[in-house]
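Both ligands and their constituent atoms are indexed starting at 1 by order of listing.
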Amino acid sequence: MGRFEMKQSAITYSFVIPFMNEEAVLPMLFERLTALLDDIDGPSEVLLVDDGSKDRGAVLAAEQAQRDPRFNLIRLSRNFGHQIAVTAGLDAVQGQAVIIMDADLQDPPELVHEMIAKWRDGYQIIHAQRRRRDGETWFKRASAKIFYRGLSKLSSVDIPQDVGDFRLVSGEVVRAIQAMPERDRFLRGMFAWVGFRQTFVQFDRPERAAGETKYPLRKMLRLASDGVIGFSDAPLRMALWIGSLVSLGAIAYGIYISLLALFTDGLVQGWASTVVILAFLSGVNLLISGVIGLYVGRIHAEAKQRPLYIVSEKVSAAGIGRISQPNEVAYAQG
Ligand code: UDP
Ligand code: MG
């Protein structure tokens, strides 16, 4: 692959691994990953992206970067969230093929062999698809299932089912993603959106090797709404439908009331129905304003044009660089 590129990079494989508070798993990760790096058929680099860890994770990563020149650490100035940490890594990669994986060994490094084989076959995006999810709660599995089925109904792009962020992508795909400057990053949707030749490898997702999930319900909901709002305007159209239906109902009821007023007497009763209708209509109003508000909020975030993330420090075998000049603040090439 990379046959059509102007300039071939000296690095074949780049690994992008975001982590936050993962000191418990990082040593195991380095061990498994080193074994893989020794095994694969080209020069490789690992970009560990510290997403504002509060534990010793960044220290462990920096030590690893000084021990093994293939490892590099990029530290973000605070916690920006998993999807943005991945983006920061993608902005720095040099390889012709880029592998994105979690730090907790739920994305088994050994699967990369299969992904590389598919890449050599000419595929440009290889998604790792989960056959089974060990040790995840019933709730997480059910909600993920409902979410992915729902999203694929709502959205105009075909977002593959049971696929997380573990995938191999080619250099041209990375450049396509870098050209997408949106703030609310739902990477699995973005990777589906860019097209290219896509395929899957399947695996049984193991439990995380140590530590606890960094995706509490609140963050999962945020990610889910990024997915829906970023890839569908169905909620806005739904607001239109609800509005139309309620208006039709109101017109029908208006006609009924007018007829009663014209042809009967004793219309003074009806306080209950008035209150119920008023309450219902204000509810619908608020709901629809809320839906519109979700989209407006995102427009607001986009309009501010802030950088997606700020890199505070880079560590590699060559040394430690502190970075704070605005020109080093990546703008996702925007
Ligand atoms: N992560 C991150 N920033 C965050 C949350 C998570 O970089 O704000 C990393 C985390 O360290 C891990 C990966 O994202 O490497 C996936 O998170 P986790 O394993 O907690 O999610 P789960 O597998 O439970 O969905
Ligand atoms: Mg995990």
Side-chain angles (χ1 to χ4, degrees), residues 15-33 46-61 64 71-92 98-109 111-112 127-148 161-167 183-189 191 203-227 308-313:
F15 291 78
V16 171
I17 306 181
F19 67 94
M20 183 195 67
N21 299 344
E22 302 284 11
E23 64 179 2
V25 292
L26 286 181
M28 283 183 259
L29 171 75
F30 298 155
E31 202 174 300
R32 293 262 293 273
L33 207 56
V46 178
L47 301 177
L48 303 162
V49 184
D50 169 29
D51 187 18
S53 294
K54 294 213 159 56
D55 63 1
R56 291 189 67 253
V59 176
L60 298 181
Q64 180 67 15
F71 284 76
N72 305 275
L73 168 65
I74 298 173
R75 295 191 71 180
L76 302 186
S77 59
R78 63 169 170 85
N79 177 252
F80 281 88
H82 173 225
Q83 303 282 300
I84 291 190
V86 172
T87 305
L90 288 177
D91 286 343
V98 178
I99 297 105
I100 301 164
M101 58 162 70
D102 288 353
D104 60 1
L105 292 170
Q106 284 197 288
D107 300 338
L111 194 70
V112 170
H127 308 276
Q129 192 168 37
R130 298 157 189 179
R131 247 188 323 237
R132 266 189 21 227
R133 300 157 156 244
D134 283 338
E136 283 185 354
T137 60
W138 166 89
F139 175 74
K140 182 148 185 171
R141 270 181 289 184
S143 58
K145 190 158 189 153
I146 293 169
F147 171 67
Y148 285 114
Q161 310 274 306
D162 299 319
V163 165
D165 290 300
F166 187 22
R167 56 172 60 72
R183 258 109 267 276
D184 294 308
R185 298 185 87 73
F186 183 65
L187 287 168
R188 50 201 85 166
F191 281 112
F203 75 117
D204 297 328
R205 192 162 210 236
E207 282 180 56
R208 63 160 43 238
E212 274 159 24
T213 178
K214 310 297 179 303
Y215 259 103
L217 185 60
R218 183 176 47 81
K219 279 194 192 167
M220 267 167 58
L221 287 176
R222 173 78 204 188
L223 184 69
S225 69
D226 282 348
L308 270 174
Y309 56 85
I310 297 171
V311 174
S312 63
E313 198 178 344

Below 4.5 Å, heavy atoms only, C-beta onward: do Met28 and Glu22 meet side chain to side chain?
-> no
Within 45° of the six-membered ring axis of Phe30 and under 6.0 Å from that ring's centre, is NZ or CZ of Arg32 located there?
-> no
Atoms of ligand 1 under 4.0 Å from any heavy atom of Ala103, numbered from 1 in the order shown, are 15 (O)
Is it the side chain, the backbone, both or neither of Gln83 that has a heavy atom closer than 4.0 Å to ligand 1?
-> neither
Val49 contact mode with ligand 1 (heavy-atom cut-off under 4.0 Å) | neither
So the atoms of ligand 1 within less than 4.0 Å of a heavy atom of Arg205 turn out to be 23 (O)
Find all atoms of ligand 1 within a distance of less than 4.0 Å from any non-hydrogen atom belonging to Phe19, and give their numbers and elements.
-> 7 (O), 11 (O)
Output the list of atoms in ligand 1 that are nearer than 4.0 Å to some heavy atom of Asn79, sorted by atom number.
-> 3 (N), 4 (C), 8 (O)
Salt bridge (Lys or Arg N to Asp or Glu O under 4.0 Å) partner of Arg205, the single match among Asp104, Asp165, Asp162, Asp107 | Asp107
For His82 and Pro18, work out which heavy atoms get closest and say how close.
-> CD2-CG, 3.4 Å
Leu60 vs Pro27 side-chain heavy atoms within contact, under 4.5 Å | yes
Would you check whether Gln106 has a nitrogen or oxygen atom less than 3.5 angstrom from a nitrogen or oxygen atom of ligand 1?
-> yes
Side-chain (Arg208) to main-chain (Glu212) donor-acceptor, under 3.5 angstrom = yes
First locate atom CZ of Phe191, then atom CD1 of Ile100, and finally report the distance between them rounded to the nearest 0.5 Å.
-> 3.5 Å
Nearest non-hydrogen partners of Arg185 and Leu223, listed with the distance | O-CD1, 4.5 Å
Any N/O/S of Asp102 under 2.8 Å from the Mg ion (ligand 2)?
-> no
How does Glu22 reach ligand 1, if at all, at less than 4.0 Å between non-hydrogen atoms: by side chain, backbone, both, or neither?
-> side chain
Contact flag Gln106/the Mg ion (ligand 2), N/O/S atoms, threshold under 2.8 Å | yes
Any Met101 heavy atom less than 4.0 Å to ligand 1 | no
What N, O or S atom of Asp104 is found closest to the Mg ion (ligand 2)?
-> OD2
Check: Gly81 N/O within less than 3.5 Å of ligand 1 N/O = no
Among Leu26, Asp51, Asp102, closest by heavy atom to atom 4 (C) of ligand 1 is Asp51
Considering all heavy atoms of both residues, which atom of Ala128 and which atom of Leu111 are nearest to each other, and what is their separation?
-> CB-CD2, 3.9 Å
